[in-house]
Amino acid sequence: MGSQLRAAAVAHRSTGDPALDGSLISRCKNRDAEAFSLIVDLYQARIYGFARRMLRSEEDAEDVAQEVFIRAFQNIDRFDGRASLATWLFRIAANLCIDRARRKDRKPEATHLEQGLAVEATRDTRWDPEVRAVALEMEDAIEATIASLSEKLRSVLLLHDLEELSYEEISRVVGIPVGTVKSRLFLARAHLQRALRNYLTGDPNL
Amino acid sequence: MNREDLLRKLENEEELSPMESALLDAYLDEEAGTETLRAIQALKREDPSFAWRARLNERLSQAAGRVRRRAQRKTVLTASTVVALAAVSLFFVYTGSKSEVRETVNLASYLYEWHEEASAAVLLPGTGSELISAEGRSGSPTRDEVDELLFGKGLVDPL
């Protein structure tokens, strides 16, 4: 294995490569610990980021992200390759996040579009000379808005717009029909657009 | 139907007609290049801490040990099951063939005993004067000869 595969794995982080995933999985099935370590390298940021935004607690997100990889390691023999590795890992992550949220009774309330936002996005900072500061503020606003979404809308938005999974993949991850995935994505984006209207000027849907 | 109507319908969880579904697809495609989407995609991705990774590696090595032990147990169990099955099969094969042999032996000894008894019956009673040795004959004695030996010639046909 060695450095060649590791180099390919580094390139994979930004592009994604099903062939590399397949090769790593077959090595993992043969109890190759280094291959699984590479899988962790490739997906840890995505899985941890997803858990972090779904749970909003760093500690819970870390626990869930660890559990995702432990379960994947223990059940790698059952991975049949019908879905992509990313879909499989996100499915485990989504289920664990939902379980964790329910157990802690932290299930967030769905926010209505008409309710407006409890975030600082209403502050008009378009004329702030500090562009970087605005960008950071907008980033915070986006994070806060995403966090204010219901769990159902948030998972679909993150999986589609941040993790770039297809509608079909999200349907498998979350266990809902493709039509429902589209409806939830549309609602989530609408919520986000309203929340960020003061930051985003060129958006035609605002 | 405009965007707001569609939104309202979706918020109320109403069923969409095929035309409305097509409209939803069109709106989603239209949004693909918007600033909102770009802003979401620009959100930073953070790797978890080194401490997190060290903890994970530790848990993975423990899990690997468990998996290895489970695999070893499975191998041992499978091997012992195979050996046990083979032993049971061998036992049945052996005892089965042995009982056949014993039967054959029994039948042979039964036939031998029967023959001995029959020979004794032929040799013992008799008149003494016409003692026929079965060993000296090439074939089996005929019924008349046996009757003659058993009951004696004089008794059967005194005249």
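Chain identifiers are assigned alphabetically (A, B, ...) following the order of the sequence lines, protein sequences preceding nucleic acid strands; residue numbering begins at 1 within each chain.
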Just wondering, do A/I142 and B/T36 contact through their side chains at under 4.5 Å, heavy atoms?
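Contact flag for B/T36/A/I142 side chains = no.
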Under 4.5 Å from a heavy atom of chain B, the part of [X] involved:
X	value
A/R31	side chain
A/F186	both
A/A61	neither

Identify the heavy atoms of B/S49 and A/E62 that sit nearest to each other, and give their distance.
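Closest heavy-atom pair between B/S49 and A/E62: OG-OE2, 4.2 Å.
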Do the ring planes of A/Y48 and B/W52 sit parallel (below 30°), tilted (30 to 60°) or perpendicular (above 60°)?
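Rings of A/Y48 and B/W52: tilted, as their planes differ by 30° to 60°.
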Cationic N near anionic O, under 4.0 Å, B/R45 to A/E163:
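Here B/R45 pairs with A/E163 in a salt bridge, since their nearest N and O are under 4.0 Å apart.
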Checking B/E20 now: which residues fulfil side chain to side chain donor-acceptor pair (under 3.5 Å) with it, not counting sequence neighbours?
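Partners of B/E20 under the side chain to side chain donor-acceptor pair (under 3.5 Å) test: B/K9, B/S17.
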Who among A/E58, A/R53, A/H160 has the most heavy-atom pairs with chain B under 4.5 Å?
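Counting heavy-atom pairs under 4.5 Å, the top option is A/R53.
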How about B/Q41 and A/D161: does a side-chain donor come under 3.5 Å of a side-chain acceptor?
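The answer is no; no qualifying pair exists.
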Just by modelled atom types, is the A/A190 backbone N or O under 3.5 Å from a matching donor or acceptor in the B/R3 side chain?
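Checking the backbone N and O of A/A190 against the side chain of B/R3, no donor-acceptor pair under 3.5 Å is found.
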Residues in residues 53-61 of chain B near chain A [non-hydrogen atoms, under 4.5 Å]
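At a heavy-atom separation under 4.5 Å, chain A is reached by B/R53, B/R55, B/L56, B/R59, B/L60.
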Once rounded to the nearest 0.5 Å, what's the spacing between atom CG of B/D47 and atom CD of A/Q44?
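Reported to 0.5 Å precision, the distance equals 4.5 Å.
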